[in-house]
Amino acid sequence: MLMKSMTKQKLADKAGVSLNTLNRWCKPYKKELEAMGLQPKARLLPPVVVKFIAEKLCIDL
């Protein structure tokens, strides 16, 4: 599946949760996300990060 960049807010909307909840859900994966190049305060998620989060959190995109 080809992923596109997405804002954290849009990904949270697709998951049906608030942005704060999405950020809490991502905390256990912080080291992996940083290894993929994600900055802690980034609003726009690169495609590789969107795919990783969607797979780990079972978000249907």
Side-chain angles (χ1 to χ4, degrees):
M1 178 179 206
L2 185 63
M3 291 288 167
K4 293 182 180 178
S5 295
M6 187 179 294
T7 63
K8 282 184 181 178
Q9 183 62 59
K10 182 147 178 125
L11 187 58
D13 291 344
K14 292 215 178 250
V17 297
S18 71
L19 183 57
N20 286 335
T21 299
L22 179 69
N23 286 329
R24 260 182 294 174
W25 286 357
C26 290
K27 274 189 181 181
Y29 307 109
K30 183 180 177 189
K31 289 195 188 286
E32 289 128 308
L33 293 170
E34 286 176 353
M36 290 181 210
L38 184 67
Q39 299 296 318
K41 301 284 184 184
R43 290 185 181 172
L44 186 65
L45 305 173
V48 66
V49 172
V50 173
K51 183 177 181 185
F52 176 83
I53 293 172
E55 287 175 356
K56 290 291 185 182
L57 302 178
C58 300
I59 299 172
D60 186 25
L61 300 176

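For the single chain, residues carry numbers from 1 onward in sequence order. Since this is a predicted model, take the numbers as computed values, not measurements.
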Apply side-chain contact (heavy atoms from CB on, under 4.5 Å) to E55 and list each qualifying residue two or more places apart in sequence or on a separate chain.
-> K51
Does anything in residues 29-61 pair up under ring pair (Phe, Tyr, Trp, His ring centres under 6.0 Å), and if so which pairs, sequence neighbours excluded?
-> Y29-F52
The side-chain contact (heavy atoms from CB on, under 4.5 Å) partners of K14 (sequence neighbours excluded) come to M6, K10, I59, L61
Does L44 belong to the same Ile/Leu/Val/Met/Phe/Trp/Tyr cluster as L11, with side-chain heavy atoms less than 4.5 Å apart forming each link?
-> no
Identify all side-chain donor-acceptor contacts of residues 16-25 below 3.5 Å with residues at least two apart in sequence or on another chain.
from : atom 1 : to  : atom 2 : distance (Å)
S18  : OG     : T21 : N      : 3.2
S18  : OG     : T21 : OG1    : 3.1
T21  : OG1    : R24 : NH2    : 3.2
N23  : ND2    : L19 : O      : 3.3

Who passes side-chain hydrogen bond (donor to acceptor under 3.5 Å, both in side chains) against E32, sequence neighbours left out?
-> none
Where is the tightest heavy-atom contact between M36 and V48, given as atom of each residue plus distance?
-> SD-O, 4.1 Å
Should K8 and L45 be marked as a side chain to side chain contact (heavy atoms under 4.5 Å, CB included) after you check the CA-CA gap, both sets of side-chain angles, and the distance that decides it?
-> CA-CA 7 Å; K8 282 184 181 178; L45 305 173; 3.8 Å; yes
Quick one: side-chain hydrogen bond (donor to acceptor under 3.5 Å, both in side chains) pairs with a partner in residues 33-47, sequence neighbours left out?
-> none
I53 side, atom CD1; L33 side, atom CG - distance, nearest 0.5 Å = 5.0 Å
